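Here the structure is laid out as structure tokens; the discussion comes afterwards.
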Amino acid sequence: MTETVVELSHVTAGYAGLNAIEDVSLSIMQGEFLALVGPNGGGKSTLLKVVLGLLAPRAGTVRVFGSFPADSRRRLGYVPQAARFDRDFPISVSDLVAQARLDGAHLFARPSAADRAAVAAALEEMRIAHLSRRPVAALSGGELQRALIARALASEPEVLLLDEPTSSVDARMGETIYDLLVRLNARITLVVVSHDIGFVTAHAGRVACLNRTLVCHAPGALATEALAHLYGGPVRVIDHTSGGGAH
Ligand code: ADP
Ligand code: MG
């Protein structure tokens, strides 16, 4: 039986006077490649924060591997938007990726053999092993994006949440990144926030569309229609009402 790894049930969350997401119910199954799409300000990043336990819901419940998000935090990897990353921070790519292996208590400890192996494997997996000594400030957009994914991978997550991983790269690098994600999906559950509907419909197994509420929670034609309405063109959407999808 497929395991539910993330379960949101009637979740409302937001900031000050604003509900950024409202009454969202969504189940994410182990091994899925779920794309989260929707307009700017639709609540996509907020939903990721709720899953990560960085923002508590005002109403509803969130479970990650059956526990409160904070208690499952180590099983999740998070790749923030590259555009928000401060590139001038003076560290090398391997130091950036190694951050994933540190926790507060061991900041000054020497990396273990397991730490070094995890960092090397993550760099290799993102095809940036040759850049390990390069200062982060000297990376291209696509290289930085892959370094940020490698950092998340180095913590050996079971679920990887990525916030707009192709928004600061060209189409060709976007394709490369999606190819790498598809490979990762062989062992890691993926939740990808994206505006690249072409990539999403080509690679993701399921599409959830968020515009404060989850608007694409219907099968087939209805979901396609909702997405087409939001993006102004026809798109293909896979029915996600089976297997514990959105309700
Ligand atoms: P998306 O990622 O889909 O573009 P967000 O989740 O970032 O949407 O934002 C949803 C809404 O919440 C927007 O109206 C945004 O302005 C607001 N918002 C996001 N973060 C904050 C914050 N830290 N404080 C106040 N409002 C916020
Ligand atoms: Mg966002």
Side-chain angles (χ1 to χ4, degrees), residues 31-36 45 48 52 73-104 106-200 202-205:
E32 266 206 291
F33 186 152
L34 175 74
L36 196 56
S45 297
L48 295 190
L52 288 162
R73 183 63 189 86
R74 281 167 185 278
R75 300 174 75 174
L76 306 179
Y78 171 54
V79 183
Q81 280 185 254
R84 303 254 169 94
F85 181 80
D86 177 13
R87 273 164 169 281
D88 294 332
F89 201 57
I91 57 171
S92 68
V93 170
S94 66
D95 288 343
L96 173 78
V97 174
Q99 285 177 344
R101 307 288 301 185
L102 304 173
D103 59 41
H106 298 100
L107 260 179
F108 301 102
R110 290 179 63 84
S112 68
D115 291 336
R116 286 195 300 270
V119 169
L123 290 169
E124 191 59 51
E125 206 159 24
M126 285 297 112
R127 311 278 191 268
I128 50 170
H130 60 292
L131 299 174
S132 68
R133 303 260 153 253
R134 175 98 50 101
V136 167
L139 297 178
S140 73
E143 289 164 350
L144 175 62
Q145 186 62 69
R146 285 179 291 155
L148 292 172
I149 298 172
R151 179 175 65 174
L153 286 177
S155 68
E156 302 175 321
E158 293 166 68
V159 181
L160 192 57
L161 310 168
L162 301 101
D163 203 344
E164 304 199 21
T166 55
S167 65
S168 57
V169 304
D170 64 25
R172 196 169 153 188
M173 179 51 66
E175 192 60 54
T176 300
I177 287 172
Y178 270 90
D179 285 344
L180 293 169
L181 292 181
V182 166
R183 284 168 201 257
L184 292 181
N185 189 227
R187 67 168 205 281
I188 300 177
T189 305
L190 297 180
V191 181
V192 181
V193 170
S194 185
H195 287 290
D196 290 305
I197 296 302
F199 289 137
V200 158
H203 300 293

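Remember, predicted model here, so these are calculated numbers, not experimental data.
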Any side-chain heavy atom of Leu181 sitting closer than 4.5 Å to one from His203? no

Once side-chain contact (heavy atoms from CB on, under 4.5 Å) is applied, do any residues pair with Glu124, and if so which ones, sequence neighbours excluded? Ala129

Search all heavy atoms of Leu48 against all heavy atoms of Val191 and return the closest pair with its distance. CD2-CG1, 4.1 Å

d(Glu156 CD, Leu153 CG) to nearest 0.5 Å is 9.5 Å

For Ala154 versus Ala122, what's the shortest heavy-atom pair and its separation? N-CB, 3.9 Å

What distance separates Tyr78 OH from Arg151 CZ, expressed to the nearest 0.5 Å? 10.0 Å

Can you tell me how far the CZ atom of Arg74 sits from the OG atom of Ser155, to the nearest 0.5 Å? 9.5 Å

Any chance you could measure Ile188, atom CD1, to Leu76, atom CG, to the nearest 0.5 Å? 11.5 Å

How far apart are the closest heavy atoms of Leu180 and Glu125, and which atoms are they? CD2-O, 3.6 Å

Close side-chain approach of Val79 and Asp163, heavy atoms under 4.5 Å: no

Write down the atom of Pro157, the atom of Ala152, and the distance for their closest heavy-atom approach. CD-O, 3.3 Å

Could you pull out all residues at least two apart from Ser94 that satisfy side-chain contact (heavy atoms from CB on, under 4.5 Å)? Ser92, Leu123, Ser132, Arg133

Within-4.5 Å side-chain heavy-atom neighbours: Val93 and Asp95: no

Nearest 0.5 Å please: distance from the CG atom of Leu161 over to the CG atom of Leu190. 9.0 Å

Is the shortest heavy-atom distance from the side chain of Pro80 to the side chain of Glu164 under 4.5 Å? no

For Glu143, which residues count as a side-chain contact (heavy atoms from CB on, under 4.5 Å) partner, sequence neighbours excluded? Leu131, Arg134, Leu139, Ser140, Arg146

Spacing of Leu160 atom CG and Leu162 atom CG [to the nearest 0.5 Å]: 4.0 Å

Student check: side-chain heavy atoms of Thr166 and Val169 closer than 4.5 Å: yes

Is Asp88 reaching over with its side chain to a backbone N or O of Ala137, donor-acceptor style, under 3.5 angstrom? no

Close side-chain approach of Leu144 to Val136, heavy-atom, < 4.5 Å: yes

Mind listing the side-chain donor-acceptor pairs of residues 112-119 below 3.5 Å, one per line with the distance, residues two or more places apart or on another chain?
| from | atom 1 | to | atom 2 | distance (Å) |
| --- | --- | --- | --- | --- |
| Ser112 | OG | Ala114 | N | 3.3 |
| Ser112 | OG | Asp115 | N | 3.0 |
| Ser112 | OG | Asp115 | OD2 | 3.3 |
| Asp115 | OD1 | Arg101 | NE | 2.8 |
| Asp115 | OD1 | Arg101 | NH2 | 3.1 |
| Asp115 | OD2 | Ser112 | N | 3.0 |
| Arg116 | NH1 | Pro111 | O | 3.1 |

Which pairs with one or both residues in residues 167-185 pass salt bridge (Lys or Arg N to Asp or Glu O under 4.0 Å), sequence neighbours excluded? none

List for me each residue that meets ring pair (Phe, Tyr, Trp, His ring centres under 6.0 Å) alongside Phe199, sequence neighbours excluded, and say none if there are none. Tyr178

Minimum heavy-atom distance Pro165-Ile177, with the two atoms named: O-CD1, 3.8 Å

Which atom of Asn185 lies closest to which atom of Thr189, heavy atoms considered: ND2-CA, 4.3 Å

